[in-house]
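Below: one structure, written as structure tokens.
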There are 2 protein chains.
Amino acid sequence: MSSVFKALSDPTRRKVLEMLRKGPKPAGELADAFPVSKPTMSAHFAVLRDAGLVETERQGKQVIYHLQMSVLEDALFGFAKTFGWERKDDERQPSGLTPSEETHHE
Amino acid sequence: MSSVFKALSDPTRRKVLEMLRKGPKPAGELADAFPVSKPTMSAHFAVLRDAGLVETERQGKQVIYHLQMSVLEDALFGFAKTFGWERKDDERQPSGLTPSEETHHE
DNA sequence: GACTCATTTCGACAATTAGCTAAACGTCTA
DNA sequence: TAGACGTTTAGCTAATTGTCGAAATGAGTC
């Protein structure tokens, strides 16, 4: 839980997650969206991976990143619940993706 | 927004917010709940204040900390909204406090 | 004013973080 | 094998963080 919030505390990493919301993306494409070096981005990816917020899949030469919605969900709403907030049940916004594409559990 | 997530990234500070959820508390009482020095706790309070998550009120010798629910709410659900999540409208859990006590806007 | 209590500020320190370049290392494709 | 893609390591800054003890401040009390 702490690792998730730690991961979310950096704007670059939050933006990566937001990009991933629209669907899985290769590392290079994500990296190109930010004005930092590849090693720096790779470090950000590692933080997200360690927090369980993303998972990787190798597709040929590239490494594809998948957002793990459930982990983000659990951290955010798990914490929110402590404050008496609840989210709408089954009111997840249609993302334009199939449910399997959304989380892409392997 | 970044400052809120930064504030939330520390377990001590998250617990402080949780303690404050039950109502305003003096700095000393909050500090006593953690195995760190007073100056350290004061630094944590400063982070929470800078993020707007808490506000202070002087009451005699002591400084009373109030949770700013709305700020926490906005950050958490503002971010969640980016991912297509919504919270139940007006389904805030009864806290046993009056609405004015909950946020305690001055 | 002096004293006490509560809290913050002040230095200091070690650890962590984000960033860089350069180089090395896998893994796949051509 | 050579290139492309991405990660990792090394070595280096600079800034931030969490922590402390000691001192300073603020507000009430004697």
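Reminder, nothing fancy here: chain letters follow the sequence lines and each chain counts from 1.
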query: In whole angstroms, how far is the P atom of D/dT7 from the CG atom of A/Leu48?
result: 11 Å
query: From A/Ser3 OG over to A/Asp50 CG, what is the distance, rounded to the nearest 0.5 angstrom?
result: 8.0 Å
- prompt: Only one of A/Arg49, A/Glu29, A/Glu55 clears side chain to side chain donor-acceptor pair (under 3.5 Å) with A/Tyr65; which?
  reply: A/Arg49
- request: Write down the distance between CD (A/Gln59) and C1' (D/dG6), rounded to a whole number of angstrom.
  value: 14 Å
query: Between D/dT16, C/dT9, D/dG18, which one does the side chain of B/Lys6 approach most closely?
result: D/dT16
- line: With the side chain defined as heavy atoms from C-beta on, A/His44 is closest, among D/dT19, C/dC20, C/dG19, to C/dG19
field: Length of the line joining A/Lys38:NZ and D/dG6:C1', which is rounded to integer Å
entry: 8 Å
task: Give the nucleotide from the list C/dC20, C/dT8, D/dT7 with an atom nearest to the side chain of B/Ser42.
output: C/dT8
task: For B/Val47 and for A/Met41, locate the closest nucleotide of DNA chain D by heavy-atom distance; then report the residue assigned to the nucleotide nearer the 5' terminus.
output: A/Met41
task: Anything under 30° is parallel, anything over 60° is perpendicular, the rest tilted; go ahead and classify A/Phe79 against A/Phe5.
output: perpendicular
- request: Report the distance from atom CG of B/Leu48 to atom CD of B/Gln68, rounding to the nearest 0.5 Å.
  value: 11.5 Å
- prompt: What is the distance, rounded to the nearest whole Å, between atom CG of B/Asp50 and atom P of C/dT8?
  reply: 12 Å
Residue A/Arg58, side-chain atoms from C-beta onward, closest of D/dC5, C/dC5, D/dT8: D/dC5
query: How many Å lie between CG on A/Leu8 and P on C/dA18, as a whole number?
result: 13 Å
Stretch residues 26-35 of chain B: residues that reach within less than 4.0 Å of DNA chain C through a heavy atom: B/Pro26, B/Ala27, B/Gly28
- request: Let me know, please, whether A/Lys61 or B/Ala46 comes out on the 5' side of the other along DNA chain C by nearest nucleotide.
  value: B/Ala46
- prompt: If you check every side-chain atom of B/Pro39, which of D/dT7, C/dC20, C/dT8 has the closest atom?
  reply: C/dT8
- line: Atom CD1 of B/Ile64 and atom P of C/dT8 are separated, to the nearest Å, by 11 Å
- request: Scan B/Val36 against the nucleic acid and name what it touches under 4.0 Å (heavy atoms): base, sugar-phosphate only, or nothing.
  value: sugar-phosphate
Atom pair CE (B/Met69) and CG (B/Leu76), whose distance is rounded to the nearest 0.5 Å: 11.0 Å
statement: Of the listed C/dT8, D/dT7, C/dA18, the closest approach to the A/Tyr65 side chain comes from D/dT7
task: Figure out the NZ/C1' separation between B/Lys25 and C/dA6, and round it to whole Å.
output: 17 Å
task: Compare side-chain N and O positions of B/Thr40 against OP1 and OP2 of D/dG18 and report whether any pair is under 4.0 Å apart.
output: no
query: Once you round to the nearest 0.5 Å, how far does OG1 of A/Thr82 lie from NZ of B/Lys15?
result: 12.0 Å
query: Backbone N or O of B/Leu67 within a donor-acceptor pair of the B/Arg21 side chain at under 3.5 Å?
result: no
- prompt: For the atom pair CD (B/Glu18) and CZ (B/Arg14), what is the distance rounded to the nearest 0.5 Å?
  reply: 8.0 Å
- prompt: C/dA15 C1' sits how many Å from B/Asp10 CG, rounded?
  reply: 14 Å
